[in-house]
Amino acid sequence: MQEQEVELLQLIEKNANLEPSKIAKLMAVSEEEVRELLRSLEEKKAILGYSTLIDWAKVIQKEEVTAMVDVKVQPARGSGFDKVAERIYRFPEVKAVYLMSGAYDLSVSVEGKTMMEIGRFISEKLSALDSVLSTTTHFVLKRYKHDGIILDDEDDNDKRMVVTP
């Protein structure tokens, strides 16, 4: 991967809403070069999409529950954890799946309207998969930071670390 491509990806990873003209100034290249780099990275599937992080609590009272589920599985012969992970990430309730080291094999992020809805998903769909040996569920109570962005940061102008004697 070219150095320019990496620089561009680092810029838009922090702010996908940057205009090509602004990116061009930051990278000291033409707007056309930026557009071409973006097109190329999209074709290569290096850029999979553009998203916006929204703090819904500040907009509406969105009643949604998130759970992190640790899953111990029996890997599939020949494909290891990949086929099992694929079966799990295809459920619409599942927002993310990660292969982990440690006591559990997969970490699964699940969203639902209520804890009961998530509980039903885990007991009726996730745990019912032949390859799933056990699950442990952790419900998210409050988000402090997501994708490197601090949520509910009242004083976001002063980024200095507090030093006390």
Side-chain angles (χ1 to χ4, degrees), residues 1 5-19 22-23 38 41-42 44-76 79-164:
M1 185 166 275
E5 290 176 325
V6 172
E7 184 180 2
L8 174 62
L9 291 171
Q10 289 171 334
L11 287 169
I12 65 172
E13 183 179 39
K14 290 191 179 9
N15 182 359
N17 198 33
L18 277 177
E19 296 288 329
K22 176 89 175 192
I23 296 169
L38 286 168
L41 289 165
E42 288 169 352
K44 290 183 204 175
K45 302 280 187 212
I47 298 174
L48 299 173
Y50 301 89
S51 64
T52 303
L53 180 60
I54 300 168
D55 187 350
W56 286 106
K58 291 188 177 175
V59 181
I60 59 173
Q61 286 297 333
K62 190 174 181 187
E63 296 296 324
E64 195 157 87
V65 179
T66 301
M68 300 302 296
V69 185
D70 298 327
V71 185
K72 190 163 200 60
V73 300
Q74 177 67 48
S79 63
F81 295 101
D82 295 345
K83 286 287 184 202
V84 179
E86 182 180 355
R87 284 202 63 200
I88 293 171
Y89 70 60
R90 296 233 177 255
F91 288 112
E93 297 89 344
V94 173
K95 301 305 171 197
V97 178
Y98 306 98
L99 178 62
M100 306 297 287
S101 64
Y104 289 88
D105 303 308
L106 300 173
S107 181
V108 180
S109 175
V110 179
E111 288 183 1
K113 289 186 178 21
T114 64
M115 287 182 173
M116 198 71 131
E117 184 178 292
I118 290 175
R120 267 194 306 278
F121 165 75
I122 293 167
S123 64
E124 295 172 8
K125 294 180 181 176
L126 185 60
S127 295
L129 296 175
D130 291 338
S131 51
V132 172
L133 303 174
S134 67
T135 63
T136 301
T137 304
H138 312 274
F139 286 98
V140 174
L141 302 178
K142 182 177 179 179
R143 294 175 194 254
Y144 293 100
K145 187 175 183 177
H146 184 78
D147 284 343
I149 297 173
I150 298 170
L151 305 174
D152 200 28
D153 190 9
E154 296 298 323
D155 185 18
D156 57 357
N157 294 328
D158 191 356
K159 301 292 184 195
R160 295 175 293 173
M161 185 182 295
V162 176
V163 179
T164 58

Between [atom1] on residue [X] and [atom2] on residue [Y], distance to nearest 0.5 Å:
X: K72; Y: T135; atom1: NZ; atom2: OG1; answer: 12.5 Å
X: I118; Y: M116; atom1: CD1; atom2: CE; answer: 12.5 Å
X: K83; Y: I88; atom1: NZ; atom2: CD1; answer: 13.5 Å

Checklist entry - Is there any side-chain hydrogen bond (donor to acceptor under 3.5 Å, both in side chains) pair reaching into residues 137-146, and which pairs are they, with sequence neighbours excluded? => result T66-R143, D70-H138
Checklist entry - Got a sec, which pairs hit side-chain hydrogen bond (donor to acceptor under 3.5 Å, both in side chains) with one end in residues 93-102, sequence neighbours left out? => result E93-K125
Next on the checklist: Is any side-chain heavy atom of V132 closer than 4.5 Å to one of V71?
Outcome noted: yes
Could you list the donor-acceptor pairs under 3.5 angstrom formed between side-chain atoms of residues 6-13 and any protein atom two or more places apart in sequence or on another chain?
none

Item to check | Shortest non-hydrogen contact between A16 and S51, atoms and distance | outcome: CB-O, 4.1 Å
Item to check | Listed partners of N15 passing side-chain contact (heavy atoms from CB on, under 4.5 Å), at least two apart | outcome: N17, L18
Item to check | Residues in side-chain contact (heavy atoms from CB on, under 4.5 Å) contact with E117, at least two apart in sequence or another chain | outcome: K113, T114, R120
Item to check | Contacts of F139 that satisfy ring-ring contact (aromatic ring centres under 6.0 Å, His included) - sequence neighbours left out | outcome: none
Next on the checklist: Among residues at least two apart in sequence or on other chains, which ones pass ring-ring contact (aromatic ring centres under 6.0 Å, His included) with F121?
Outcome noted: F91
Checklist entry - With sequence neighbours left out, which residue pairs that include part of residues 100-119 fulfil the ring pair (Phe, Tyr, Trp, His ring centres under 6.0 Å) condition? => result none
Next on the checklist: As a quick check of understanding, evaluate side chain to side chain contact (heavy atoms under 4.5 Å, CB included) for L129 and V84, giving each step before the final call.
Outcome noted: CA-CA 9 Å; L129 296 175; V84 179; 5.8 Å; no
Item to check | Working for side chain to side chain contact (heavy atoms under 4.5 Å, CB included), residues L106 and M100 | outcome: CA-CA 5 Å; L106 300 173; M100 306 297 287; 5.9 Å; no
